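Structure first, commentary second.
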Amino acid sequence: MKLLSNEVIKKYDYQKTRSKVNEFMEVFEENYFRYISVLPPSITSHLSEVKVQTSGIPTSPVERYVLKKIEREEEFIEYLNVVLRICDNLTSGEQHFFKGVFFLGNTEAVLEEQLQCSDKTLKHIKKSCIIKFALALNMAVLK
């Protein structure tokens, strides 16, 4: 795949499109932190309260924890798979930009140095990356 041409980029409102991509990635980040922060309940104080039930409805704190953890993990993996599938279709420079900004929190100055490119080239990579990502999710905003 190659970078989008300037003509294609100019068809889209970059600022509004970037805002939509940021919103999508904020939900991804929230799911990530919800998934990793689901802590198990203390089981030592509840050992005497554990009862075997045949109703199939989870009522113990440990059972609820396990179900909640599985649910959060599935939400996170859905978002992660979407993001990774889209990233697979980006150029290596676009992938580096996307992962650097959204996963590592790198600044544009750091990315310029890592990619060894000029400010103008990085801006083109950035716009191409964001618009491709938005197009893949059908959230790109035309001018």
Side-chain angles (χ1 to χ4, degrees), residues 1-47 49-50 53-143:
M1 214 59 210
K2 64 178 188 158
L3 293 173
L4 293 176
S5 67
N6 284 326
E7 291 77 28
V8 173
I9 291 172
K10 288 178 185 177
K11 291 180 183 179
Y12 296 94
D13 185 330
Y14 174 74
Q15 295 301 328
K16 289 181 182 175
T17 301
R18 173 71 189 247
S19 176
K20 288 189 173 230
V21 170
N22 286 346
E23 288 173 16
F24 178 86
M25 290 307 293
E26 285 170 8
V27 173
F28 171 81
E29 189 175 0
E30 287 175 17
N31 282 342
Y32 172 73
F33 285 110
R34 278 189 195 131
Y35 165 65
I36 64 167
S37 68
V38 176
L39 300 174
S42 172
I43 61 169
T44 56
S45 64
H46 300 291
L47 286 178
E49 297 175 24
V50 174
Q53 294 181 346
T54 58
S55 66
I57 300 172
T59 56
S60 79
V62 175
E63 288 174 304
R64 285 192 301 271
Y65 162 75
V66 170
L67 290 175
K68 186 174 183 181
K69 185 170 175 69
I70 289 170
E71 179 183 309
R72 296 287 187 224
E73 183 179 68
E74 288 172 355
E75 288 175 18
F76 174 70
I77 289 174
E78 281 179 38
Y79 265 92
L80 180 62
N81 285 334
V82 168
V83 170
L84 293 177
R85 274 194 308 264
I86 295 169
C87 282
D88 285 345
N89 293 318
L90 301 175
T91 67
S92 62
E94 290 168 332
Q95 286 180 13
H96 193 87
F97 172 82
F98 189 86
K99 291 174 184 175
V101 168
F102 291 107
F103 294 145
L104 304 174
N106 291 338
T107 63
E108 289 187 18
V110 170
L111 292 170
E112 276 181 30
E113 188 177 313
Q114 289 175 345
L115 291 171
Q116 297 181 350
C117 65
S118 68
D119 183 51
K120 183 179 178 180
T121 304
L122 184 66
K123 285 182 180 178
H124 186 79
I125 290 171
K126 172 175 68 172
K127 288 180 178 182
S128 178
C129 171
I130 296 300
I131 290 172
K132 280 183 180 179
F133 191 86
L135 286 170
L137 294 171
N138 199 25
M139 62 171 67
V141 178
L142 288 168
K143 284 186 178 177

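One-based numbering along the sequence shown. Predicted model only: the values in this text are computed from it and were never measured. Note: hydrogens, waters and symmetry copies are ignored here, and every other heavy atom, side chains too, is used.
Between atom OG1 of residue Thr121 and atom CG of residue Leu3 there is a gap of 9.0 Å, rounded to the nearest 0.5 Å. Here the straight-line distance linking atom CG of Leu115 with atom OG of Ser92 works out to 8.0 Å at 0.5 Å rounding. Atom SG of Cys117 is separated from atom NE2 of His96 by 9.0 Å, given to the nearest 0.5 angstrom. Annotation: the span from Glu71 atom CD to Leu67 atom CG amounts to 8.5 Å, rounded to 0.5 Å. Glu7 contributes atom CD, which lies 9.0 Å from atom CD1 of Ile9 (distance to the nearest 0.5 angstrom).
For the residue pair Thr91 and Glu94, a side-chain donor N or O sits within less than 3.5 Å of a side-chain acceptor on the partner. Side-chain polar atoms of Asn89 and Arg85 form no donor-acceptor pair below 3.5 angstrom.
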### Task
Decide yes or no on side chain to side chain contact (heavy atoms under 4.5 Å, CB included) for Asn106 and Phe97, but give the supporting numbers first.
CA-CA 9 Å; Asn106 291 338; Phe97 172 82; over 6 Å; no

### Query
Could you go step by step and tell me if Lys127 and Arg18 meet the side chain to side chain contact (heavy atoms under 4.5 Å, CB included) rule?
CA-CA 9 Å; Lys127 288 180 178 182; Arg18 173 71 189 247; over 6 Å; no

### Message
Set out, in order, the CA-CA distance, both residues' side-chain angles and the distance that settles side chain to side chain contact (heavy atoms under 4.5 Å, CB included) for Met139 and Phe24, then state yes or no.
### Response
CA-CA 10 Å; Met139 62 171 67; Phe24 178 86; 4.0 Å; yes

### Task
Show the numbers, then the answer: is there a side chain to side chain contact (heavy atoms under 4.5 Å, CB included) between Leu104 and Lys99?
CA-CA 6 Å; Leu104 304 174; Lys99 291 174 184 175; 5.6 Å; no

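Proximity of the aromatic rings of Phe76 and Phe28 is defined here by a centroid distance below 6.0 angstrom, and this criterion is met.
The pair Glu108-Lys126 meets the salt-bridge criterion, with a side-chain N (NZ, NE, NH1 or NH2) lying under 4.0 Å from an Asp/Glu carboxylate O.
Smallest separation of non-hydrogen atoms from Leu90 and Gln95: O-NE2, 3.2 Å. Closest heavy-atom contact between Leu4 and His124: O-NE2, 2.9 Å. Residues Ala134 and Val21 share a closest heavy-atom pair of CB-CG2, 3.9 Å.
Annotation for Lys132: atom NZ counts as buried by contact number, over 12 foreign heavy atoms lying within 6.0 Å. Within 6.0 Å of atom CD in Glu113, 12 or fewer heavy atoms from other residues, nucleotides or ligands are found, so the atom counts as exposed in its surroundings.
Contact check for Glu29 versus Tyr79: no side-chain heavy atoms found under the 4.5 Å cut-off. Proximity of Tyr14 to Lys143: side-chain heavy atoms (C-beta onward) are nowhere separated by under 4.5 Å. Looking at Leu135 and Tyr12, their side chains come closer than 4.5 Å, going by heavy atoms from C-beta outward. The side-chain heavy atoms of Ile86 and Leu137, taken from C-beta on, include a pair separated by under 4.5 Å.
Looking at Thr17, its side chain never comes within 3.5 Å of a backbone N or O of Ile131 through a donor-acceptor pair.
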